[in-house]
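A quick write-up on the structure given underneath.
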Amino acid sequence: MSRPPNEPCSITWDCMLPGPPSKNNGGAVDLSSAGLLCYAAGSSIAILDTHSMQLVSTIPLPPPPSSAVSPFITAVRWSPLPLPHHLLDNDNSSQHLLLAVGDRHGRISLVDSRSKSPLHFFDTINNNNPNSSKLGIQDLCWIQTRSDSWALAAISGTSLLSIYNTATGRCFFKYDASPEYFSCLRRDPFDSRHFCALGLKGFLLSVKLLGDDSENDVVLKELQVPTDASELQRLERDSSNGGSNNVGAPASALFPNYVVKFAFSPHWKHVILVGFPREVVLFDLQYESVLLAAGFPRGCGKFLEVLPDANMEVFYCAHLDGKLSTWRRKEGEQAHIICSMDELIPSIGTSVPSPLVLAVAISQSDSTFQDIRKLCPDADSLDVDFYNPFDFFDESHIISKTHVISITDDGKVWKWILTAEGSRDARKDTENVNGAAEAREIPVVEVESQSETSSSDQPVPNTVTYLDDTRRRESRQSGRTIAVDEMSFKMNLVGQLHLLSSAVSMLAVPSPSLTATLSRGGNTPALAVPLVALGTQSGTIDVIDISANAVAASFSVHSSVIRGLRWLGNSRLVSFSYSQGSEKTGGYVNRLVVTCLRTGLNRTFRVLQKPERAPIRALRASSSGRYLLILFRDAPVEVWAMTKTPIMLRSLALPFTVLEWTLPTVPRPAQSKPTGTSSFLSRERVGLPPTGTSSPTQASSTDSKGADGSQEEFSESFAFALVNGAVGVFEVHGRRIRDFRPKWPSSSFVSSDGLITAMAYRLPHVVMGDRSGNIRWWDVTTGQSSSFNTHREGIRRIKFSPVVPGDRSRGRVAVLFQDNTFSVFDLDSPDPLANSLLQPQFPGTLVLELDWLALRTNKDDPLVLCMAGADSSFRIVELNVGDQKMGGLGPPARYTKERFRPVPLPSPILLPTPHALALRMILQLGVKPSWFDPFAAYSQIPGTPSAGDLRGYMIDSPRVGDSAVAEMLLKVLEPYRKEGCLLDDESARLYAKVVKKGSTLRLAFAAAIFGESMEALFWLQLPHALKHLMNKLVNKSPQKASGRAQTPEIDEASMLSRISSKGKSAPGSGKKNVLVDGQLRLLAFEQEELWERANERITWHEKLVGEEAIQNRVHELVSVGNLEVAVSLLLSTNPESSYFYPNALRAVALSSAVSSSLLELAVKVVAANMVRTDRSMSGTHLLCAVGRYQEACSQDSVCKATLENLRKPFNDCEIRVITLINACLHVASTLSQLQDAGCWTDAATLAATHLKGSDYARVLQRWAEHVLHAEHNIWRALILYVAAGTLQEALEALREAQLVDTAAMFVSVCREIQAEFLSKLDSDEESNTMKDKVLNLPGLNPVNEDVIAVDEYYGQYQRKLVHLCIDSQPYTD
């Protein structure tokens, strides 16, 4: 691991706008669960807040040691690490804001988005292959190896997969898939240790990490997704015949229009969605089979990205032509059909041709918030707070909503909302039917606690109306039962961020003293506007608002590259472009346009009928904006008066090389004190002109004033240099141009080694630079002059820095050299070269244009330099000049307030870590919604606390820890609250409903806001798991909806009928609610849920053919206890198949576990098939055994003989089947063997089918230990611990993970749910006995030492958090 090369120690970018992304960036984009979007734009990373659609920051990547230019960034990935909960005084880490970044040169780095700099680079150089360092990075993926450690997988070049230890940067595993082309990496949402790498030809590599030390910790499995790769083969041939020099380039660079990507299904384990250029494939990893292969419809472009919707079983496909197709799942099978097609680029308001969609990302946090929202529907919010602006919001017509972000190559980021709506009539009918059908009367002892609390003074009846548990959960979480085919899908644009639209070609800054309006000049400067205009290669002009670091306006002016751009005053821009004429006419067509920023109108002037001989070379506008010089290549210079209708004053037929208008007069202090220090500008100077000495501009303007003080004419001057080296100054007075007659220098300026290529003019000084690197100075009023050599290449630009009264130096200039580097010199210093600020390699980019931004009002304010980079970015850097010597590039020493933003930046994850933890704690404890109103302190709302008292904002809830901490944390967060930087409006509306619904919803909301989705799901599932435990403690056995019913003795005809049906399973009739449970399925633990999900998978493989498919189906049927259908499926094996004997023996073994009649029938069918295939002897023996000697075929003997013959299975699938068969026959004794074999889901499904009570709890507890220690998923393990009744182990897991605050909240919530459960029980003797059983939850007894320690540690945690919050500075950009 190495430090970043060329890392500047004194440089910070105050603001930077990235250039537009391109195909060279490979569609690198990632959207975090906290709502932060990062994407690659050239050699920089842009970070956006998707809630407010604002640019947060731009991070340029430093260049490698061998290059002055940073390469294209081709992969970005947010760190999956959560907000750290531990509190360390010296810990300034931002692990939750880390970015993994890969570039075209093969470098991989970890970048801290808060400090905007790389932390370290990985060791990507292969000693065996020196050229491996040039293998471009295709994709990155974080993989969990331990509970607190993650590895990083990377695709380098076309076929190399590498895995790195993120702590050391060392590569511990490599896999070369040549000649395959790797395309992308994705992590499994069900197991963070598992990921897959997909190739362009369908090659799929499944990888699981058991550690991060060596290659022995990596488990591989190679698969193949079938597809037609003929188009790729043709592209390969064309690439080889063309002699492409893209050595080491990733697949996205070799085949940019052949995109292959995939995504894991968020709903079903082992299922992936694969997108090929012409089709989409659903592939089952466990059974290595295709569940669906569907081609795109005619008129639909090639594939770009696949986006699964976590809200419901729908996925979206983005296409290269800018379309988005929606695919919904068919009822009863794992197959999807296309149901809508939308455009990602609006047809109105976009340029022609339309921009390209480069990348698309889908929000994964919407599902979590929807799960929270479903538990507090709008219909329940009957008590509306009329003083709360967040209460008036109705989304009852929306069933599901998901946000999608798209990025186009014109610098725009689009935010779309995809909504699913159902039929209003059908929805009302369904709600009424469900409400009537699900209500029933049951004894009070079976009542589970409801979310609503009853009044204590009302008597509790003996029976209550209750929704049974399974249906009640569906009703609470979905609100209504709606099938996918009843929904309509819509897409609407809800946000857009416009950044730089194209590569920057020109930069223009307004003059510091704009006199176009008042025309008075003088020492008092006019108000400078904080705007910068950028001309682009696409012909648009982007106007940048410096104070907001955003594009304020964009004008489409030209159809080709803008080659010149200047300000005319503070509200008009003049620009030009040119194009070559036709072959017949030749010449050039010059186009000059004046753009008005107020109206947006473009007016052309100097329109000629025929092409001209020479193109325009440059434009020079005077400070007032009244005059314009048009320079041509090998043609006279034209002087124009820029009135409403521009007028050409005259043409100057002189061989000019450079022309520059004078900047406004330098403001001077009222009293000027001489200084004894000699400087470069004062060298050989006889005397300084007095303060009252007027410049030519001042004199002319003063003489022309009328009696009323108005100004009829105005004069300005410009300096010039000729081809022969001669220099001079002309003055434009009204419509007359005359020689200014300056005082010539004593020595000639004629250079023998180079032409003058750059000039800056501010009365009375003219500074010039030539192509040899010499800088010359000349005072036009005294004739004083001097020069020095910069020892650099030729000079392109010289810009005077703006000055204010009290400045010690007036001769500070920025110099841009021909090699695109720049320096800042102070010409007032005795030795400008020794005191220069030189930056030959500004981090990772070359500078195309630069200028000073004239916004200083005080001499202590830093100088601000604007730059347009060769990477199409726009940057602003501060130059501190407070000291006597030349300052350095860096942050100002004084505290600076956050820059102006049009709307607040509501992103809590960006707050300093102590402040973020403070907000998290406030949300958990519960704060009134009115606190989020920025104007609450100034409004007279009844019940609102006074300005100095914040305690009244906290709700009345069971207090945890120190009660005084909440008020102190509110005071710490007060600056953010006043700025509106805590929650966006939609989140605040949701919290206004959540805060009334109990602790679990508040805790889930607090976790979801900070992007911790699994923790949020844990809090949502905790009440259900705890009630499951308490029901078990009071001996209430929940009704088991097992698919395996008790099979009575059935007649042979009925059994033959079932067998002849090929064992086709019949899923439940009736429509399935696609919104039931959502992502809560990730934390499923209940027997009904596990059995239903396993049973639903059976229908997916009914259409699969082949012996392997039969083994898979038998495996599934046995796991759900459907042995009868499994037997029929095994008996349907063709007698000629090599699987006939093993399947026949398995059928006999399974039938013995069902009934004796089924066993007898199975033996008869096997014997009949043997007789039919010329194995009459064996068949006869079986028939005799069934007909005459049944005692020889008893269940135990048949089972024993069958299992004895199955000692040599054919493959892994048969091993699973045999283990399952044995488990079905001896469930209690063999489930542990199934778990030891790694079949945890199978073991849980079998336990859900056959076990209950303490036996099922032991299975859950062992499963929880595996999930915690092997899969490192603490939240799923906690739910399993709670459901199993081992709360002590759950508390121990939280303590080992150092989650002090979570442990305290866990204990508090469990007590709250327990109290609610006890309040629902009757007061009779039986109920009192039940209360005694759950009075003290196992492991959470209040006198337990661990529980007492949790409360004490939490109090210490709160007090330390307060101290850290007070010591931390507020967040600023």
Side-chain angles (χ1 to χ4, degrees), residues 1-2 75 77 79-81 98 100-102 106-110 120-188 190-199 201 203-225 248 250-251 262 264 270 272 285-286 288 1212 1236-1238 1240 1266 1269-1273:
M1 185 179 298
S2 60
R77 281 289 179 265
S79 166
L81 294 170
L98 285 182
V101 181
R107 298 185 304 165
I108 301 175
S109 61
L110 292 183
H120 53 255
F121 285 85
F122 289 0
D123 184 13
T124 57
I125 299 178
N126 185 358
N127 296 327
N128 298 328
N129 183 12
N131 295 326
S132 64
S133 60
K134 297 295 184 181
L135 297 179
I137 304 300
Q138 170 76 16
D139 202 1
L140 298 171
C141 185
W142 293 83
I143 312 299
Q144 192 168 16
T145 55
R146 290 188 295 272
S147 59
D148 58 348
S149 178
W150 292 74
L152 190 66
I155 296 176
S156 303
T158 58
S159 57
L160 181 62
L161 173 66
S162 305
I163 306 179
Y164 296 86
N165 184 313
T166 54
T168 62
R170 180 183 61 88
C171 177
F172 64 90
F173 175 79
K174 289 187 177 181
Y175 179 92
D176 193 348
S178 299
E180 183 58 73
Y181 298 93
F182 272 140
S183 175
C184 68
L185 301 171
R186 294 293 184 267
R187 184 175 68 248
D188 191 345
F190 291 88
D191 188 353
S192 56
R193 304 170 300 161
H194 175 237
F195 73 99
C196 290
L198 178 66
K201 300 177 183 178
F203 174 72
L204 187 68
L205 184 67
S206 176
V207 186
K208 179 177 287 188
L209 296 189
L210 306 180
D212 56 1
D213 297 327
S214 67
E215 59 183 13
N216 297 327
D217 297 328
V218 182
V219 179
L220 299 178
K221 186 176 183 180
E222 297 179 355
L223 305 170
Q224 182 68 39
V225 182
F262 78 101
F264 280 91
H270 307 305
I272 62 173
L285 295 175
Q286 185 177 7
E288 304 177 20
D1212 292 339
D1236 292 338
W1240 294 94
H1266 166 77
H1269 300 293
E1271 298 183 7
H1272 316 297
N1273 190 338

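Along the sequence shown, residues are numbered consecutively beginning with 1. Any value given below was found using the heavy atoms of this structure, including those in side chains, with hydrogens, waters and symmetry copies removed. Since we're looking at a predicted model, the values are computed, not measured.
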Exercise. Can you find a heavy atom in the side chain of L209 that is under 4.5 Å from one in the side chain of V218?
Worked result: yes

Problem set entry | Residues forming a side-chain hydrogen bond (donor to acceptor under 3.5 Å, both in side chains) with R187, sequence neighbours excluded | none

For this session: Measure the CZ-SG distance between R186 and C141 for me, rounded to the nearest 0.5 Å.
Result: 8.0 Å

Exercise. Can you name the one residue among I137, L135, I108 that meets side-chain contact (heavy atoms from CB on, under 4.5 Å) with T124?
Worked result: I108

Exercise. Mind checking what makes side-chain hydrogen bond (donor to acceptor under 3.5 Å, both in side chains) contact with K208, not counting sequence neighbours?
Worked result: none

Exercise. Checking E222 side chain against F203 main chain: does a donor-acceptor pair fall under 3.5 Å?
Worked result: no

Problem set entry | Spacing of S183 atom OG and L198 atom CG [to the nearest 0.5 Å] | 6.0 Å

Exercise. Is there a donor-acceptor pair closer than 3.5 Å between any side-chain N or O of R170 and the backbone N or O of D213?
Worked result: yes

For this session: Kindly indicate, with the supporting measurements, whether the criterion side-chain contact (heavy atoms from CB on, under 4.5 Å) is fulfilled by F173 and D217.
Result: CA-CA 9 Å; F173 175 79; D217 297 328; over 6 Å; no

Problem set entry | Nearest-0.5 Å distance, CD of residue E180 to OG of residue S159 | 8.5 Å

Exercise. What residues, two or more places apart in sequence or in another chain, satisfy side-chain hydrogen bond (donor to acceptor under 3.5 Å, both in side chains) together with Y164?
Worked result: none

Problem set entry | Counterpart residues, side-chain hydrogen bond (donor to acceptor under 3.5 Å, both in side chains), relative to N1273 (two or more places apart) | none

Exercise. Heavy atoms, side chains only, cut-off 4.5 Å: are F182 and T158 in contact?
Worked result: no

For this session: Go through the structure and list residues passing side chain to side chain contact (heavy atoms under 4.5 Å, CB included) with L285, not counting sequence neighbours.
Result: H194, C196, L204, L223, F264, H270, I272, F283

For this session: Working to the nearest 0.5 Å, report the span between CG of L81 and CG of D148.
Result: 9.0 Å

Exercise. Taking H1272 for the side chain and T145 for the main chain, is one N or O donor matched with an acceptor at less than 3.5 Å?
Worked result: yes

Exercise. For D212, which residues count as a salt bridge (Lys or Arg N to Asp or Glu O under 4.0 Å) partner, sequence neighbours excluded?
Worked result: R146

For this session: Could you check L185, V101, L140 and say which one makes a side-chain contact (heavy atoms from CB on, under 4.5 Å) with R77?
Result: L140

For this session: Output the distance between atom CG (D188) and atom CD (E1271), rounded to the nearest 0.5 Å.
Result: 9.5 Å

Exercise. Given side chains that start at C-beta, do those of C184 and F262 come closer than 4.5 Å, heavy atoms only?
Worked result: yes

Exercise. With a 4.5 Å limit on heavy-atom distance, are the side chains of W142 and P80 in contact?
Worked result: yes

Problem set entry | Donor on one side chain, acceptor on other, Y175 and E215, under 3.5 Å | no

Problem set entry | Residue pair L161 / K174, side-chain heavy-atom distance below 4.5 Å | no

Problem set entry | Heavy-atom side-chain contact between L152 and I163 under 4.5 Å | no

For this session: Could you walk me through whether S162 and S156 pass side-chain hydrogen bond (donor to acceptor under 3.5 Å, both in side chains), step by step?
Result: CA-CA 7 Å; S162 305; S156 303; 4.5 Å; no

Exercise. Looking at CD1 of I143 and CG of D191, how far apart are the two atoms once the value is rounded to the nearest 0.5 Å?
Worked result: 10.0 Å

